[in-house]
Amino acid sequence: MPTHTLPGGVHFSPYPCAPNIERIDRNILPVLNKMTRYGILLDKTHFSNLAVELEEKIETVRLLIAMEVGKPGFNPGSSQQVSDLIYKDLGLKTYDESGTVRMPPTTHGGRYYSTDDKYLSGFADNPTVSLILEFRELDKMYGTYVRTIIGKADSDDRIRCRWNYADVVTGRLSSADPNMQNWPEVLRAGFIASPGCKLVSHDLSQIEMRVGAHESQDPTLMKAFHEGLDTHTMTAAYVFYRDLALTAIQDAMALVDKKTQRAPCKTVNFGIFYGQTAEGLQMGLAGMGIFQPLQWCQWLIDEWYRIYSGVTEYLHRAHYRARRYGMVWCMFGRSRLVPETKSALNGIISAGLRQAGNMPIQAGAQGIFKIGMYSLNHLYDAYEALGVVCRPLLQIHDEMISEVSEEVAQDFAEQGKSILETCVPLSVPLGCGYGIGNTWGDLK
DNA sequence: GATACTAGCGCG
DNA sequence: AAAGCGCGCTAGTATC
């Protein structure tokens, strides 16, 4: 076990005893306590300016939509009205690749067609549809985030949310009142460091994929992480330049095209542990402006399973456990019941198997991150004992946001990186990145 | 007027 | 029959 020397000369070895979920969960309580107590400082001016700006834009788009639609009282915020407008009044249809009409899934008990962005984006050249999409985006930003956040600040302008500790089946935390874990990238600039401080972020890169490598012991995937390769590019190299990749992986990787080859493989890398199907992959790629036949998507997924056969075996193992025991569990022993696998309905069974394949990965990643939080707390305490500010503010699943006195921010960032990378010994190395800035938006 | 549900969408 | 895991929040709609 590596030993860390903390400020003040204190030594500690990360997690000196065998981790189990009870201990892992209990040991992050001091960190949650600090996060809850300190909260994050809100830039009120930033958000009130943004609110005015958005109100004007939304009003403009509302008027444009009204002119375009011509129906009095039309509400672009109503999915039912939007559905009737697009699929009845405008008569727009979606097609499968053979050119036959295949409408989006129905909603509201079969009475409407879905107006989800992933279906409407195909109609973006229609002026009405594009205005509705624009309205939705602006309305989401304004209604969910910008308009409401100012009133949620305490008198010291700090946002203190609830950190739910036992609500998520995979062991993740969740955040509420307000949820601080789903802020859009563009709005994060409105959260700032206290005077004299910097915000510091630490994130465990590709943690779920690394847990997947550890769980499956897949030699190809493990090798990628040991050699620090870009896994998305590597996947593409094996898929598209197989023969060359087997003898000279670096040469094959150099041939990979970012848009048409790496991006689809990145999507598969993320989707595979969720049990994504060819249809889901096709939809996901289409949202990125990449259009491929269903057969191609199926081929890519099949290739993935062939290249990473160890992962395929892992998934089979999870499915076996789910069917045999009605339960799966992660490397720390956190378990999830999957009674769905005993259903008479194939759809329910499939859903249960997807959950079974995913849970050990997400839960394993979260266990590692919680151990990381516990380890990091030694660092928070050591700096605080020296009389400087050093505290956790937010946890976003695989990322910590901390607030640290300016003069120690760089040191804290580097030590935190080292601690997180060594907090749990896996069969592949962990990777931690960090960022330092004055606002949450500056950290990436 | 209060409550419950749904669709849609932000994040990892 | 559905077709991607895990969340929380909002507005619209349905129901009492």
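For the numbers below, each heavy atom of this structure counts, side chains included, while hydrogens, waters and symmetry mates do not. What you are looking at is a predicted structure, and each value in this text was computed from that prediction instead of being measured. A note on names: the letters A, B, ... follow the listed sequences, proteins ahead of strands, and every chain is numbered from 1.
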| message | Need to verify one output field. Residue with the more 5' nearest nucleotide on DNA chain C, A/His397 or A/Arg102? | response | A/Arg102
| query | So, is A/Thr277 near the phosphate of C/dG4, with a side-chain N or O under 4.0 Å from OP1 or OP2? | reply | yes
| said: Distance alone, cut at 3.5 Å: any donor-acceptor contact between the side chains of A/Arg210 and A/Ser205? | reply: yes
| message | Does A/Gln81 reach a base, just sugar-phosphate, or nothing at all? Heavy atoms under 4.0 Å. | response | sugar-phosphate
| message | Nearest to the side chain of A/Arg111, heavy atoms from C-beta on, is which of C/dG6, B/dC11, C/dA14? | response | C/dA14
| OP1 or OP2 of C/dG12 less than 4.0 angstrom from a side-chain nitrogen or oxygen of A/Asn75, does that happen here? | yes
| said: Please tell me if A/Arg336 has a side-chain N or O lying less than 4.0 Å from either OP1 or OP2 of C/dG6. | reply: yes
| N/O (side chain, A/Ser114) to phosphate O (OP1/OP2, B/dG8) under 4.0 Å | yes
| query | Hey, does A/Tyr112 reach any base, or is it just sugar-phosphate, or nothing, if we go heavy atoms under 4.0 Å? | reply | nothing
| query | Using purine N1 to pyrimidine N3 plus N6-O4 or O6-N4 for Watson-Crick, or N1-O2 and O6-N3 for G-U wobble, each under 3.5 Å, what pairs with B/dG8? | reply | C/dC9
| query | Would one find a side-chain N or O of A/Ser174 under 4.0 angstrom from OP1 or OP2 of C/dG8? | reply | yes
| note | In Watson-Crick or G-U wobble terms, with both distances under 3.5 Å, the base opposite C/dA3 is none
| field | Distance between C1' atoms of C/dA3 and B/dG10 (Å, rounded) | value | 23 Å
| query | With a non-hydrogen cut-off below 4.0 angstrom, is A/Asn346 in contact with a base, only sugar-phosphate, or nothing? | reply | base
| said: With a 4.0 Å cutoff (strictly under), does any side-chain N or O of A/Ser78 reach OP1 or OP2 of C/dT13? | reply: yes
| said: Any base atoms under 4.0 Å from A/Gln362, or only sugar-phosphate, or nothing? Heavy atoms, all strands. | reply: base
| task | May I ask you to verify if any side-chain N or O of A/Thr115 is less than 4.0 angstrom from the OP1 or OP2 atom of B/dG8? | result | yes
| query | With a 3.5 Å cut-off and no angle check, do the side chains of A/Gln80 and A/Asp84 form a donor-acceptor pair? | reply | no
| query | How is A/Lys152 classified with respect to the nucleic acid when contacts are heavy atoms under 4.0 Å: base, sugar-phosphate, or nothing? | reply | sugar-phosphate
| task | Would you indicate which nucleotide in B/dC9, C/dC5, B/dG12 comes nearest to any side-chain atom of A/Asn358? | result | C/dC5
| Is any N or O donor-acceptor pair between the side chain of A/Arg172 and the base of B/dG12 shorter than 3.5 Å? | yes
| task | For C/dA2 and B/dG8, measure between their P atoms and round to the nearest Å. | result | 15 Å
| request: Would you indicate, yes or no, if C/dC9 has its OP1 or OP2 atom less than 4.0 angstrom from a side-chain nitrogen or oxygen of A/Arg162? | output: no
| said: Would the base of B/dG10 count as contacting A/Asn182 through its side chain, where contact means a donor and an acceptor less than 3.5 Å apart? | reply: yes
| So how far is it from A/Leu199 CG to A/Leu443 CG, rounded to the nearest 0.5 Å? | 6.0 Å
| said: Can you tell me how the ring of A/Phe270 sits relative to the ring of A/His232, calling it parallel under 30°, perpendicular over 60° and tilted otherwise? | reply: tilted
| Exam field: side chain A/Asp218 to backbone A/Gly310, donor-acceptor pair closer than 3.5 Å | yes
| said: Just to be sure I understand the rule, does A/Glu208 reach a base, reach only the sugar-phosphate, or reach nothing, if contact means heavy atoms closer than 4.0 Å? | reply: nothing
| task | Compare side-chain N and O positions of A/Asn179 against OP1 and OP2 of C/dT10 and report whether any pair is under 4.0 Å apart. | result | no
| Any luck finding a side-chain donor-acceptor pair between A/Thr233 and A/Arg262 under 3.5 Å? | yes
| message | Both A/Gln80 and A/Arg354 contact DNA chain C. Which one's nearest nucleotide lies toward the 5' end? | response | A/Arg354
| said: For a quick check of understanding: with a heavy-atom distance under 4.0 Å over all strands, which category does A/Met141 fall into, base, sugar-phosphate or nothing? | reply: sugar-phosphate
